[in-house]
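Reading through the structure tokens given below for one structure.
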Amino acid sequence: MAKARAKSPRSAKAAKKRANKKAAKTSQRARPGRAAKPGKSAKRAKSAKRPHAAKPAKAMKRAAVAKAALPSKGAGVAAKTKPAAPVKAPAAPSAAASYKPLKAPKHRGIGLEAASPFEMRVNLAKDLPETDVQTALDSGDMGFLHSFTTGSTVDGPGVRVVVWTTGCQWRCRYCHNPDTWTMRNGYPVSVAQAAEELRKYTQGLKVMSGGVTVSGGEPLMQHRFVLKLLKAAKGMGVHTTIETNGYLGDRLTDADFDSIDLVMLGLKKWDPEGHMELTGQKIGPTLALARRLAARKRPIWVRFVLVPNLTDDLDDIKKIAEFAAGLGVVERVEVLPFHQMGRFKWKELGLRYEMADVQPPSAALVERVRGAFQAAGLTAY
Ligand code: SF4
């Protein structure tokens, strides 16, 4: 009878429930270095926003053209285990189309590659002991990465491999990638592994006048790792860029600037109180980094996220423009229209999202803001 009961639909259902529960426990015990299985919310997450903000429309068009170029076959090893299940990009095919994913690097059987940087990833280093995290940060021999993407045409000159780091000390109200705020959401990856993966793309990057861009999150949260990777890239003859909020610029020595061919610097708001309200941090360190770069004639691309009723005050924008123009090293300004692609991440992470009712800026407003930068003598897109 017991056997008969075991075969009944009711008992079978109970057995299935027990099996699922066991699998969930196993997942939670994932060892350091292995991808912890994503939580239910992460599994629901399909894709979304990329670190920082939207990309200029012209750049999007360029992306479609540049389907090109980087080697794909043999460029990496297919992942045996999927880290996080994210994957569907809701509404922004144009942005996702800016990335041409290639084979992923293999990290302990886990793929680092993201189909686009709009995937949400969480808890990938959740179980790594704190001492290991600290050792990694101190030595720079290991870093924490959200993902690698390849074939980007919107993250610096030419076609780029982009290394998305985790960890950010800012809390921008419009952030499209709050999953990159927490370092432990990223994969632990050795600098040797990251450099080796990059090496596979060097020929293609050179042909496409591209290079490697380290973005985030905030890359300078892991400045030693980032510098080691950029130095390795320079050794391969690859152009290097970091995209940063600049807040930790004092972690970079003047000699470190030699490893960085271009700094893409986010300038978000001029008014100090407004900046604090928008990002949770002071603007001073960002401006200090900009001045240091200018003093050493290092090129900067400024990125400005345009959010209606939040960053669209023209007087404030003119002050940013005057500052940027006065540096004498700003090669271009990119006005990035706000969008809602990262909204689902806030929800999945249980964060309060204040921008739900904010619409993207109109084309006319974007043009006005570009005009404000151009009036200061800058090239703006
Ligand atoms: S600086 Fe940090 S919080 Fe702000 S947009 Fe970038 S990743 Fe998000």
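Numbering of ligands and ligand atoms starts at 1, following listing order.
Contact annotation: Gly216 has no heavy atom less than 4.0 Å from any atom of ligand 1.
For a distance bound of 2.8 Å, the N, O or S atoms of Cys175 include none lying that close to atom 4 (Fe) of ligand 1.
For ligand 1, the atoms lying closer than 4.0 Å to a non-hydrogen atom of Cys168 are 1 (S), 2 (Fe), 3 (S), 7 (S). Near Gly217, meaning under 4.0 Å from one of its heavy atoms, ligand 1 places the atoms 7 (S).
A distance-only check finds no donor-acceptor pair linking the side chain of Thr244 to the backbone of Leu265 [under 3.5 Å]. Remark: the backbone N or O of Glu119 is paired with a side-chain donor or acceptor of His146 at under 3.5 angstrom.
Sorted by first and then second residue, the side chain to side chain donor-acceptor pair (under 3.5 Å) pairs with a member in residues 351-360 read Arg173-Glu354, Gln340-Tyr353, Arg352-Glu354; sequence neighbours excluded.
Taking Ala232 as the reference, Ala195, Met236 meet the side chain to side chain contact (heavy atoms under 4.5 Å, CB included) condition, with sequence neighbours excluded.
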